[in-house]
Amino acid sequence: MAHDRDDLALLAEVAAEAGRIALRFWRKDPRVWWKGQSPVSEADLAVDQYLASALLGARPGYGWVSEETAARPAAGEEARFFVVDPIDGTRAFLRGEPDWCVSVAVVAGGRPVAGVLDAPARDEVFLAGADTPATLNGAPIAARTGHGPEETLRLAMPEPMRRRLSERADARIAFSPNVPSLALRLAMVASGALDGTLVGARANDWDIAAADLILERAGGRLAGLETGHHLYNPVPARHGVLVAGAPDIVERLRSFAAQAA
């Protein structure tokens, strides 16, 4: 649909500039505040301010969901809204590591229809639309399929989950280093760099919206332990344990996640 493609082009342009703004603070010791147990830096706020101005300026009728600012409802009849994480992987960003990204998505009818992950420190841009393939730096990507039931899987996951699963000799898992940015970790599943990932409880919509679509358009799935596709709404939700991978291993990943949760 042309509308979705227009939104995708907008997201790609705006996310690229947002990434450039973030880079001005990266490895420059930005000021940091704490929101509960989570750090928030002046870079997060600067990027969020730019995203709100650029995206809502271009689509004033759309709603807004962000990690850093209050949600607002959509004004248009289509009830489309943006879901953004100005810097997904803030802890890695503050440590000077490259594994962070700007995550932006448009949701319509409960599902993301355009999504971009711009990771400027890695020189990587993932994007997908509802009717376009998922790409990495312009090249199509696909989640790895065709896993046999006894095949060892390359998985990344939070350290507590890794510790619990590593005690099981029959788990058949090759543990890859965890990626601090959840959005990037899901994108690595979409690109085939990982066979799958387990996601600990309490992820937010802004952590996963863009990556959810990228993974879906790459032939993968993001699912809960008992549910299928998540429906997004303007009141952001926290999630239980999630799994991501090709459809042929989702049930196996659910089994691992239930043991590791």
query: Which pairs with one or both residues in residues 56-65 pass salt bridge (Lys or Arg N to Asp or Glu O under 4.0 Å), sequence neighbours excluded?
result: D7-R59
Selection residues 104-117 - residue pairs positive for salt bridge (Lys or Arg N to Asp or Glu O under 4.0 Å), sequence neighbours left out: R111-D212, R111-E216
Any chance you could measure [X], atom [atom1], to [Y], atom [atom2], to the nearest 0.5 Å?
{"X": "S181", "Y": "I87", "atom1": "OG", "atom2": "CD1", "result": "10.5 Å"}
{"X": "R164", "Y": "M161", "atom1": "CZ", "atom2": "CE", "result": "7.0 Å"}
{"X": "R24", "Y": "W26", "atom1": "CZ", "atom2": "CH2", "result": "15.5 Å"}
{"X": "D118", "Y": "E13", "atom1": "CG", "atom2": "CD", "result": "12.0 Å"}
{"X": "L136", "Y": "L127", "atom1": "CG", "atom2": "CG", "result": "9.0 Å"}
{"X": "R162", "Y": "M157", "atom1": "CZ", "atom2": "CE", "result": "9.0 Å"}

Any [X] side-chain heavy atom under 4.5 Å of [Y] side chain:
{"X": "W33", "Y": "P39", "result": "no"}
{"X": "I173", "Y": "F256", "result": "yes"}
{"X": "I208", "Y": "L242", "result": "yes"}
{"X": "E67", "Y": "K35", "result": "yes"}
{"X": "D99", "Y": "R122", "result": "yes"}
{"X": "V65", "Y": "V84", "result": "no"}
{"X": "V243", "Y": "V199", "result": "no"}
{"X": "R80", "Y": "V113", "result": "yes"}

If I compare all heavy atoms of [X] with all of [Y], which pair ends up nearest, and what's the gap?
{"X": "A244", "Y": "L253", "value": "O-CD1, 3.3 Å"}
{"X": "A156", "Y": "L194", "value": "CB-CD1, 3.8 Å"}
{"X": "F93", "Y": "S41", "value": "CE2-OG, 4.4 Å"}
{"X": "L117", "Y": "A183", "value": "CD1-O, 3.4 Å"}
{"X": "P158", "Y": "N178", "value": "CA-ND2, 3.7 Å"}
{"X": "L8", "Y": "A128", "value": "CD1-O, 3.4 Å"}

task: Would you mind checking if E226 and R254 are paired as a salt bridge, meaning a charged N to carboxylate O distance below 4.0 Å?
output: no
Are [Y] and [X] linked, directly or through intermediate hydrophobic residues, by side-chain heavy-atom contacts shorter than 4.5 Å (ILVMFWY only)?
{"X": "L186", "Y": "L231", "result": "no"}
{"X": "W100", "Y": "W34", "result": "yes"}
{"X": "L10", "Y": "V104", "result": "yes"}
{"X": "F25", "Y": "L23", "result": "yes"}
{"X": "F82", "Y": "L213", "result": "no"}

- prompt: Is there a donor-acceptor pair under 3.5 Å between the side chain of N204 and the backbone N or O of W206?
  reply: no
task: Give a yes or no on whether the backbone of G196 and the side-chain of R154 come within a donor-acceptor separation of less than 3.5 Å.
output: no
Side chains of [X] and [Y]: do they bring a donor and an acceptor to under 3.5 Å?
{"X": "T197", "Y": "R185", "result": "yes"}
{"X": "S103", "Y": "D88", "result": "no"}
{"X": "Q259", "Y": "S255", "result": "yes"}

message: Between D44 and T90, is the side chain to side chain contact (heavy atoms under 4.5 Å, CB included) condition met? List the steps.
response: CA-CA 8 Å; D44 295 90; T90 297; 2.9 Å; yes
task: Just grab all the side-chain hydrogen bond (donor to acceptor under 3.5 Å, both in side chains) pairs involving residues 234-244, residues at least two apart or on different chains.
output: D205-H239
Identify all side-chain donor-acceptor contacts of residues 137-144 below 3.5 Å with residues at least two apart in sequence or on another chain.
from	atom 1	to	atom 2	distance (Å)
N137	OD1	V125	N	2.8
N137	ND2	D123	O	3.0
R144	NH1	H147	NE2	3.3
R144	NH1	E151	OE2	3.2
R144	NH1	D195	OD1	2.8
R144	NH2	E151	OE2	2.6

message: According to side chain to side chain donor-acceptor pair (under 3.5 Å), who are the partners of R72, at least two apart in sequence or on a separate chain?
response: none
query: After noting the C-alpha distance and the side-chain angles of R172 and L153, does the key distance pass the side chain to side chain contact (heavy atoms under 4.5 Å, CB included) rule?
result: CA-CA 7 Å; R172 297 187 184 275; L153 301 176; over 6 Å; no
query: Are E97 and R91 close enough, and set up right, to give a salt bridge (charged side-chain N to carboxylate O under 4.0 Å, His left out), and what steps lead you there?
result: CA-CA 9 Å; E97 299 168 1; R91 293 176 187 271; over 6 Å; no
Side chains of residues 45-57: which donor-acceptor partners sit under 3.5 Å, not counting sequence neighbours?
from	atom 1	to	atom 2	distance (Å)
D48	OD1	S66	OG	2.5
D48	OD2	T69	OG1	3.1

- prompt: For the rings on Y62 and F81, is their centre-to-centre separation under 6.0 Å?
  reply: no
